Chemist: 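Before anything else, here's the structure in question.
Since the model is a prediction, treat every value here as computed from it, not as a measurement. Each residue takes its place number in the sequence, starting with 1.
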Amino acid sequence: QVHLVESGGGSVQAGGSLKLSCTASGYTVPDYCMGWFRQVPGKEREGVATIYTGDGSTYYADSVKGRFTISQDNAKNTINLQMISLKPEDTARYYCAADPLDCAVVAGGLDPEDLGYWGQGTQVTVSS
């Protein structure tokens with residue numbers, strides 16, 4: 001059973017920075033597509049960034065390119081999301097997700113339907 005635990009959410013003013021982390025356990029194969037998604041009440045969950053732990057390939061939503069950076073630790077069971085220049089519209093609950101596939105085979109894996117394992121989420125609030 002894959003288990004994902006997020007940490008690092010919080011409140012920040014616009015223009016500020018936050019770093020989210022997600023640690024996975026229970027992996028049964030060496031490499032996964034892992035990523036971050038976000039959701040605000042009343043809206044659909046959207047992909048933010050994904051990374052394939054096999055080769056480090058990354059994919060980003062257009063809305064966060066140049067501001068967010070996804071990375072993995074050497075152990076490959078932890079991913080991070082460094083967020084800078086945060087905007088009020090980045091306010092959402094951020095979820096970590098994973099699936100034992102190469103993100104490339106699902107066009108980057110930014111569609112929530114493509115990843116099957118999910119964490120409980122962590123809240124990010126950006127005030128203006």
Side-chain angles (χ1 to χ4, degrees):
Q1 181 77 15
V2 174
H3 189 53
L4 304 172
V5 179
E6 303 99 334
S7 61
S11 298
V12 65
Q13 289 193 326
S17 302
L18 279 175
K19 181 180 178 181
L20 306 182
S21 295
C22 170
T23 299
S25 61
Y27 277 175
T28 58
V29 297
D31 298 304
Y32 279 67
C33 179
M34 296 184 70
W36 292 96
F37 297 74
R38 64 188 182 187
Q39 188 170 25
V40 297
K43 292 190 176 182
E44 292 187 351
R45 192 168 295 186
E46 63 174 0
V48 174
T50 58
I51 185 167
Y52 176 53
T53 64
D55 61 12
S57 296
T58 58
Y59 306 84
Y60 294 93
D62 288 342
S63 59
V64 305
K65 283 180 181 176
R67 299 188 300 122
F68 291 10
T69 303
I70 190 169
S71 62
Q72 62 176 330
D73 287 356
N74 287 338
K76 298 199 295 184
N77 69 328
T78 296
I79 63 169
N80 307 292
L81 186 69
Q82 180 67 54
M83 305 182 291
I84 66 170
S85 302
L86 282 161
K87 306 175 181 179
E89 51 263 44
D90 294 317
T91 295
R93 190 163 186 84
Y94 283 69
Y95 295 88
C96 178
D99 210 273
L101 50 75
D102 186 341
C103 304
V105 301
V106 286
L110 289 170
D111 184 341
E113 296 289 327
D114 291 327
L115 303 187
Y117 297 103
W118 291 85
Q120 294 299 306
T122 185
Q123 180 66 33
V124 171
T125 302
V126 184
S127 57
S128 57

Chemist: Check A61 against G47 and note the closest heavy-atom contact, atom names and distance.
Modeler: CB-O, 3.4 Å
Chemist: Which atoms form the tightest heavy-atom contact between C103 and Y59, and what is the distance?
Modeler: CB-CE1, 3.6 Å
Chemist: Taking C-beta and beyond as the side chain, do I51 and S57 meet within less than 4.5 Å on heavy atoms?
Modeler: no
Chemist: Might you point out which heavy atoms bring T50 and C33 nearest each other, and give the distance in Å?
Modeler: CB-SG, 4.2 Å
Chemist: Report yes or no: is the cationic atom of R45 (NZ for Lys, CZ for Arg) closer than 6.0 Å to the six-membered ring centre of Y95, at no more than 45° off its axis?
Modeler: yes
Chemist: Which one of N77, T78, D73 satisfies the side chain to side chain donor-acceptor pair (under 3.5 Å) criterion with T23?
Modeler: T78
Chemist: Taking the side chain as everything from C-beta on, heavy atoms only, tell me whether D111 gets closer than 4.5 Å to V106.
Modeler: no
Chemist: Side-chain contact, heavy-atom cut-off 4.5 Å: E89 with T91?
Modeler: no
Chemist: So, the side chain of E6 versus the backbone of G121: is there a donor-acceptor pair under 3.5 Å, distance only?
Modeler: yes
Chemist: Looking at D99 and G116, what are the two nearest heavy atoms and their distance?
Modeler: OD2-N, 2.7 Å
Chemist: Take atom CD in Q13; do more than 12 heavy atoms of anything else shown fall under 6.0 Å from it?
Modeler: no
Chemist: Between V64 and M34, is there shared hydrophobic-cluster membership here, with clusters defined by ILVMFWY side-chain heavy atoms closer than 4.5 Å?
Modeler: yes
Chemist: Checking side chain to side chain contact (heavy atoms under 4.5 Å, CB included) for the pair Y27/H3: CA distance, chi angles, key distance, verdict?
Modeler: CA-CA 8 Å; Y27 277 175; H3 189 53; over 6 Å; no
Chemist: With the 4.5 Å side-chain cut-off for hydrophobic clustering, are V2 and Y52 part of the same group?
Modeler: no
Chemist: As an exercise, state the distance from CD1 of I79 to OG1 of T58, rounded to the nearest 0.5 Å.
Modeler: 11.5 Å
Chemist: Under 4.5 Å between any side-chain heavy atoms of R93 and T125, yes or no?
Modeler: no
Chemist: How about W36 and F68: are their ring centroids closer than 6.0 Å?
Modeler: no
Chemist: May I ask you to decide if S85's main-chain N or O and R67's side chain share a donor-acceptor pair within less than 3.5 Å?
Modeler: yes
Chemist: Looking only at heavy atoms, which two atoms of N80 and S21 are closest? And how far apart?
Modeler: OD1-OG, 2.8 Å
Chemist: If every non-hydrogen atom of S128 is compared with every non-hydrogen atom of A14, which pair is closest and at what distance?
Modeler: CA-CB, 4.3 Å
Chemist: Nearest 0.5 Å, what's the OG-CG distance between S71 and L81?
Modeler: 8.5 Å
Chemist: Taking NZ, NE, NH1 and NH2 as the nitrogens, is one of them in K87 or D90 under 4.0 Å from a carboxylate oxygen of the other?
Modeler: no
Chemist: Taking Y32 for the side chain and G54 for the main chain, is one N or O donor matched with an acceptor at less than 3.5 Å?
Modeler: no
Chemist: Which of these passes ring-ring contact (aromatic ring centres under 6.0 Å, His included) with F37: Y94, W118, Y117?
Modeler: W118
Chemist: Is there side-chain contact between Q82 and S17, with at least one heavy-atom pair below 4.5 Å?
Modeler: yes
Chemist: Side chains of L86 and L18: does their closest heavy-atom pair fall under 4.5 Å?
Modeler: yes
Chemist: In Å and rounded to the nearest 0.5 Å, what is the OG to NZ distance from S7 to K19?
Modeler: 9.5 Å
